[in-house]
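Beneath this line is the structure, given in structure tokens, with notes to follow.
Note: hydrogens, waters and symmetry copies are ignored here, and every other heavy atom, side chains too, is used. Protein chains get the first letters and strands the later ones, always in sequence-line order, with residue 1 at the start of each.
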Protein chains: 2
Amino acid sequence: MHLKLRILKALSDETRLNILEFLRDGEKCVCEIVPYIGTSQSNVSQHLRILKDANVLTDRKEGKSIYYSIVDGDIYRCLDDLEGIAENAVRRLLEIY
Amino acid sequence: MHLKLRILKALSDETRLNILEFLRDGEKCVCEIVPYIGTSQSNVSQHLRILKDANVLTDRKEGKSIYYSIVDGDIYRCLDDLEGIAENAVRRLLEIY
DNA sequence: TAAGTATATAAATACATCATTATATATTGG
DNA sequence: CCAATATATAATGATGTATTTATATACTTA
């Protein structure tokens with residue numbers, strides 16, 4: 001599968017978008033991500049793998065912990081653009097009525 | 001579902017990405033899109049509906065034909081950014097070895 | 001108005017994805 | 001080395017998505 005498509009699929013999930021938002025201000029270890037997201041450790045781990053397989057995240061081991069961080073910060077520009085596109089779409093829909 | 005997420009899901013399919021590429025140079029009617037994509041008319045119609053429901057495409061009727069076009073061209077900037085992000089990721093992966 | 005063309009919708013099946021549960025691996029402290 | 005902690009993986013069931021086939025709707029032209 002082309003990497004662009006894999007990245008898009010990796011981004012197309014609410015839990016994973018929340019993980020990415022949580023990582024905006026730098027790397028976080030799984031033990032921080034799990035309680036923030038509020039689902040099971042296993043579930044978070046699998047979402048992290050999907051983001052890593054898409055080259056959106058990397059990880060780094062330190063002692064017992066594994067820290068995840070964004071590979072390329074440009075992804076946030078892209079997500080913010082999409083947010084703007086979505087907001088404009090909503091605005092247009094509301095204007096009509 | 002939040003519109004941003006719906007847009008991302010709409011973009012996360014190879015057929016739909018191909019449709020969007022085909023629409024870069026302006027509106028096209030379904031009768032042009034179907035042969036370009038090379039799958040059934042019904043299949044294309046359903047993909048178009050998903051893109052329309054996500055507010056990525058709009059349509060316009062003219063006689064027997066229905067013309068689809070992009071709502072907000074910014075979506076291409078976003079897709080191009082993603083393409084660049086993907087290319088950089090591949091480049092980094094290749095550099096390592 | 002009947003036939004033909006363009007497109008959409010519905011229903012069915014096949015396939016992919018998500019969440020959960022259970023288990024495995026790796027690291028550290030005692 | 002053993003127990004505890006942090007994380008990953010495997011297997012399952014549930015849900016969602018894509019494709020196909022068949023049918024419906026809408027417009028046009030004869």
Side-chain angles (χ1 to χ4, degrees), chain A residues 1-23 26-71 82, chain B residues 1-23 26-71 82:
Chain A
M1 200 203 317
H2 190 286
L3 183 56
K4 177 165 79 167
L5 185 53
R6 185 180 295 201
I7 294 174
L8 277 167
K9 283 179 189 285
L11 299 179
S12 301
D13 178 89
E14 188 150 36
T15 300
R16 294 195 288 272
L17 286 180
N18 288 336
I19 291 174
L20 293 180
E21 287 309 315
F22 190 52
L23 293 178
E27 67 173 12
K28 295 269 162 46
C29 86
V30 180
C31 65
E32 295 172 290
I33 300 171
V34 168
Y36 176 79
I37 296 298
T39 177
S40 70
Q41 176 269 317
S42 165
N43 193 215
V44 168
S45 182
Q46 286 170 95
H47 283 299
L48 289 170
R49 182 167 42 76
I50 288 169
L51 287 165
K52 192 182 159 191
D53 286 350
N55 284 277
V56 174
L57 297 183
T58 26
D59 59 354
R60 173 180 79 81
K61 186 182 271 190
E62 185 179 316
K64 275 186 292 194
S65 297
I66 296 186
Y67 289 83
Y68 279 86
S69 60
I70 291 288
V71 169
L82 269 175
Chain B
M1 199 202 318
H2 189 286
L3 184 55
K4 177 166 79 166
L5 184 54
R6 185 180 295 199
I7 294 172
L8 277 167
K9 283 178 189 285
L11 299 179
S12 301
D13 178 271
E14 188 150 38
T15 300
R16 292 195 289 271
L17 286 179
N18 288 336
I19 290 174
L20 293 180
E21 287 310 316
F22 190 52
L23 293 179
E27 65 172 12
K28 296 268 162 47
C29 85
V30 180
C31 66
E32 295 171 289
I33 299 171
V34 168
Y36 175 79
I37 295 298
T39 177
S40 68
Q41 175 268 317
S42 164
N43 192 215
V44 168
S45 181
Q46 285 168 97
H47 283 299
L48 289 170
R49 183 166 40 77
I50 289 168
L51 287 164
K52 193 182 159 191
D53 286 351
N55 283 277
V56 173
L57 296 184
T58 27
D59 60 353
R60 174 178 79 80
K61 187 181 270 190
E62 184 179 316
K64 275 188 290 193
S65 298
I66 296 185
Y67 288 83
Y68 280 86
S69 59
I70 292 287
V71 169
L82 269 174

Shortest side-chain distance from A/T15, nucleotide among C/dC18, C/dA19, C/dT28:
C/dA19
Atom pair distance, as rounded to whole Å: CG in A/L48 and P in C/dC18
13 Å
Below 4.0 Å: OP1/OP2 of C/dA19 and any side-chain N or O of A/H47
yes
Side-chain heavy atoms of A/L20 within contact of A/R16, under 4.5 Å:
no
Rounded to whole Å, the CD-P distance (A/E14 to D/dT15) equals 18 Å
Under 4.0 Å between any heavy atoms, over every strand shown, what does A/Y67 touch: base, sugar-phosphate, or nothing? Just pick one.
nothing
May I ask you to verify if any side-chain N or O of A/S45 is less than 4.0 angstrom from the OP1 or OP2 atom of D/dA6?
no
Are any non-hydrogen side-chain atoms of B/S69 and B/T58 less than 4.5 angstrom apart?
yes
Do side-chain atoms of A/K52 reach the backbone of A/D59 as a donor and acceptor pair under 3.5 angstrom?
no
Please state how far atom NZ in A/K9 lies from atom P in C/dA16, giving the value in whole angstrom units.
9 Å
A/R49 atom CZ is separated from D/dT9 atom P, nearest whole Å, by 6 Å
Checking A/S12 side chain against B/L8 main chain: does a donor-acceptor pair fall under 3.5 Å?
yes
When you get a sec, tell me which of D/dT20, C/dT20, D/dT7 is the closest nucleotide to the side chain of A/I66?
D/dT7
Atom-to-atom span, CD of A/E32 to P of D/dA6 - whole angstrom
12 Å
Side-chain donor or acceptor of B/Q46 under 3.5 Å from a matching atom on the base of D/dT20?
yes
Report the residue (A/D59 or B/D13) whose heavy-atom-nearest nucleotide on DNA chain D is the more 5′ of the two.
A/D59
A/Q46 side-chain N/O to A/S42 backbone N/O, donor-acceptor pair under 3.5 Å:
yes
Counting only side-chain heavy atoms from C-beta out, which of D/dT9, D/dA18, C/dT7 sits nearest to B/V30?
C/dT7
Does D/dA18 have OP1 or OP2 under 4.0 Å away from a side-chain N or O of B/R16?
yes
With the side chain of A/Y68 defined as its heavy atoms from C-beta on, choose the nearest nucleotide among C/dT20, D/dA8, C/dA6.
D/dA8
Send over the distance from A/R60 CZ to D/dA8 P, rounded to a whole Å.
14 Å
Where each residue is assigned the nucleotide of DNA chain C containing its nearest heavy atom, which of B/Q41 and A/K61 is assigned the position nearer the 5′ end?
B/Q41
Between the base of D/dT21 and the side chain of B/S42, is there any donor-acceptor pair under 3.5 Å?
yes
Rounded distance in Å - NZ (B/K64) to P (D/dC27):
12 Å
D/dA10 P sits how many Å from A/N43 CG, rounded?
16 Å
Can you confirm whether more than 12 heavy atoms, excluding those of B/E14, are under 6.0 Å from its CD atom?
no
What's B/S65 touching, base or sugar-phosphate or nothing? Going by heavy atoms closer than 4.0 Å.
sugar-phosphate
